[in-house]
Amino acid sequence: MSNLLSGLNPEQLAAVTLPAVPALILAGAGSGKTRVLTTRIAWLMSTGQVSAHGILAVTFTNKASKEMLLRVGAQIPVNARSLWIGTFHGLCNRLLRMHWRDAGLVEAFQIMDSAEQLALIKRLLKALNIDDEKYPPRDLANYINGNKEEGRRPAEVEAWDEYTGMLKQLYEEYERQCRREGVVDFAELLLRCFELLRDNAALREHYQARFRYILVDEFQDTNRLQYKWLKLLGGGGAAVFAVGDDDQSIYAFRGANVGNMRDFEREFKVDTLIRLEQNYRSQGNILDAANVLIAHNRGRLGKNLWTQEAAGEPIRVFEAASDFEEAQFIVEEVRQLNREGRALSDIALLYRSNAQSRVLEHALVQAAVDYRIYGGLRFYERQEIKHALAYLRLIANPDDDNALLRVINFPTRGIGNRTVETLAESARATGTSIWQAACGGGAGRSAASVGRFVLMIEGMRQEAAGLTLPEVVEIALTQSGLLELYRADKEGEERLENLGQLVSAAAVFIKEYEDDITQFLAHASLEAGDHEAAPGTDALQLMTVHAAKGLEFGAVFITGLEEGLFPHDNSASTAEGLEEERRLAYVAITRARQRLYITLAQSRMLHGQTRFSLASRFLNEIPENLLKWLNRGYAPSSAAKPLSSSRPDHGLRVGQNVEHAKFGKGVVVNYDGDGKNVNVQVNFGAQGVKWLILSALLPR
DNA sequence: TCAAAACTGATTTTT
DNA sequence: TCAGTTTTGA
């Protein structure tokens, strides 16, 4: 055990060895958060305070829960089955599978991903003859998910006019349809599990008595429903150990509520708040910059990172004339770093929005620098995989309309749109699934084709009964004609390969978990596979700042540090939005170990137009003594061209820097008029974009 | 039934 | 600008 605890700093040690009371651990970036979490689990078990059976550890991503399990396992022998470590959704799925009857679900309930949820909504609107321009499917999905994440069923939803009344009604219809099909969406997993525990005293007390220790990772990212779920489960006096960092809360837009941290302190009567402020990642200047920047936010729980490391290098700043030039600079610098011996995989290019990657990629391709982008298609999201899974879903639960519609005519088997619509209508009329309608005949002219499809699925189901999961997958691939289809397709080679991998995945699954189709499908829905760089190859890492959270690199480039882009225009108008942008910048800075670059461009191509902007206020918030400007006083180059070739005599130029007595520094975006009456549009960054008369401006 | 043409909207995203 | 979606037309 001394072994287990050795090397921990005093705060880490205090957190790891806390008694069985609710505690909030404020864990700064790079402060050894995961180590504290895993060591606490190992310590609790090795000291005999609790067995694996009594511990529940919750994370947000599969990646995090896998890592946690791995690292606990490295410290102490564990039985992965009795130790419940998983994502909120994964754990709720586990509980609902065990108690499906009490939860009011069908045994083989299927999990819809976001795309499937949207497809179901579109279908619903069509069936109900609702104008999808007045009620956009996306908005409706947000409305439904939003309500579920607040714990509200249709009955609890407020409606005050025709429009909101319709939304409420559609929410009801949506639920009815989900029930008919035996499917649940992601939010439903959480809400249904919450309600199960809330309404079933015996079950609630059972699990409250079982999980005496609950550990939560990334607590600042929890939404209201997840918080309520934790409160319910920990309500029996469990020691809830919440680890989080309010300064790294960057997911408010998807329902994360930082306020949960304060609520937790109050409602769980936390009197042990531990701050992990020693940073083991970044050098001094980088940490200083991060600390000063984040200090501009209000209402923080408060934290100041420090390090034993030296100050290190200053932060390098490069202001380019254009996004193109910014990319050129970065590529040159990356090559230089690489020549100096830094692996490409230890260098990251971070950006606020995905659109920025285009120019960077272009420059990288030209310079033949290997790179990887985070955020492509994941394994289980591939078309051929989705098709294969749809057949498996029909085997497990034929009432799943999404699955049926996806493959009833794929590969094509003479069941056209018309026929499908007839089936859907008759299903609608009788309140059943499309499968039921297909079984009942009445498909008009194409009755024969539909009948063959039904027989094929029935055949698969019967055969599946006696086979192992990988065998069932193979049957589905063969009998559906998917394999044949892709074999005939000269570009189907990669798809065939992926389908082969699906069979392997099924084989791995039954070894690690269970030989059960539904469980495998749940696994596929909850864990769509990762889309990060394939290990092995040394490649430069490109990603959004959001995607970089939790990662670290020797050298980091934060690009596009401009007003309007970072902070983004869409967020800068509210105090909360702006503070979240600042936290995002904080996350970006704290990714770097030794070297940090901040780059910006005076002009940038956006939505097909050249935009001129000023340096980000975040850059101005970093003290000058921490920065090293690589090209201060740089004159705008040819990228800034006059609007018209016939240059007016006032000498104004789009992209020109100007100054205003009240609004300060700005950049000319546009102008209008000639001679004496010239109006100029100026982008003043944080002060906004304004139209002014020329005489109000001074050139700079 | 498919491909071309027209249209639209563009911040961040895991489960 | 450009990618994704929907409409149109042969």
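Proteins get letters first, then strands, A, B, ... in listed order; numbering begins at 1 in each.
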Determine the contact category for S571(A): base if any of its heavy atoms lies under 4.0 Å from a base atom, sugar-phosphate if only primed atoms, P, OP1 or OP2 are that close, otherwise nothing.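 Contact class for S571(A): base.
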Report which part of the nucleic acid N354(A) touches: base, sugar-phosphate, or nothing (heavy-atom distance under 4.0 Å, all strands).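 If one applies the 4.0 Å heavy-atom cut-off, N354(A) turns out to touch the sugar-phosphate alone, with no base involved.
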With no hydrogens and no angle check, do the side chains of [X] and [Y] hold a donor and an acceptor under 3.5 Å apart?
X	Y	answer
N402(A)	R123(A)	yes
N397(A)	E107(A)	no
Y513(A)	Q519(A)	no

Examine H387(A) together with Y486(A) and report whether their ring centres are nearer than 6.0 Å.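 No, ring centres 6.0 Å or more apart.
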Using centres under 5.5 Å plus planes under 30 degrees as the test, is H568(A) stacked with dT11(B)? yes
For the base of dT12(B) and the side-chain ring of F253(A), does the geometry meet a stacking cutoff of under 5.5 Å between centres and under 30° between planes? yes
Y251(A): which of E218(A), K549(A), Q220(A) passes side chain to side chain contact (heavy atoms under 4.5 Å, CB included):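 Exactly one pass, corresponding to K549(A).
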Side chain to side chain contact (heavy atoms under 4.5 Å, CB included) partner of V216(A), chosen from V243(A), L37(A), N260(A), L230(A):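 Exactly one pass, corresponding to L230(A).
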Whichever of H607(A) and H89(A) has its nearest DNA chain B nucleotide further upstream toward 5': H607(A)
Tell me which of Y251(A) and G608(A) sits closer to the 5' end of DNA chain B, going by the nucleotide each one is nearest to. G608(A)
What about S114(A): does its side chain form a donor-acceptor pair under 3.5 Å with the base of dT15(B)? yes
Counting side-chain heavy atoms from C-beta on, which of [options] comes nearest to [X]?
X	options	answer
R254(A)	dT11(B), dT6(C), dT13(B)	dT13(B)
H546(A)	dT15(B), dT13(B), dC2(C)	dT13(B)
M605(A)	dT1(C), dT12(B), dT15(B)	dT1(C)
N570(A)	dT15(B), dT6(C), dT11(B)	dT11(B)
T61(A)	dT11(B), dT13(B), dT14(B)	dT14(B)
R378(A)	dT12(B), dT6(C), dT15(B)	dT15(B)
F186(A)	dT12(B), dT15(B), dT14(B)	dT15(B)
L526(A)	dT15(B), dT11(B), dT14(B)	dT15(B)

Pairing nucleotide - dT14(B), Watson-Crick or G-U, each distance under 3.5 Å: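 With both distances under 3.5 Å required, dT14(B) matches none.
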Residue matched to dG9(C) through Watson-Crick or wobble contacts both under 3.5 angstrom: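 Looking at the geometry, dG9(C) pairs with dC2(B).
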Could you work out the separation of dT13(B) and dG4(C) based on their P atoms and round it to a whole Å? 15 Å
Distance check, P atoms only: dT5(C) and dT12(B), in whole angstrom units. 15 Å
In whole angstroms, how far is the [atom2] atom of [N] from the [atom1] atom of [X]?
X	N	atom1	atom2	answer
E133(A)	dT7(C)	CD	P	9 Å
K66(A)	dT14(B)	NZ	P	14 Å
L225(A)	dT15(B)	CG	C1'	13 Å
N62(A)	dT15(B)	CG	C1'	8 Å
D113(A)	dT13(B)	CG	C1'	13 Å
N142(A)	dT13(B)	CG	C1'	12 Å
Q356(A)	dA3(C)	CD	C1'	17 Å
R413(A)	dT1(B)	CZ	P	13 Å

With E116(A), the salt bridge (charged side-chain N to carboxylate O under 4.0 Å, His left out) member among K386(A), K122(A), R406(A): K386(A)
At under 4.0 Å, does any side-chain N or O of T544(A) touch on OP1 or OP2 of dT11(B)?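 Answer no for this pair, as no side-chain N or O of T544(A) is under 4.0 Å from OP1 or OP2.
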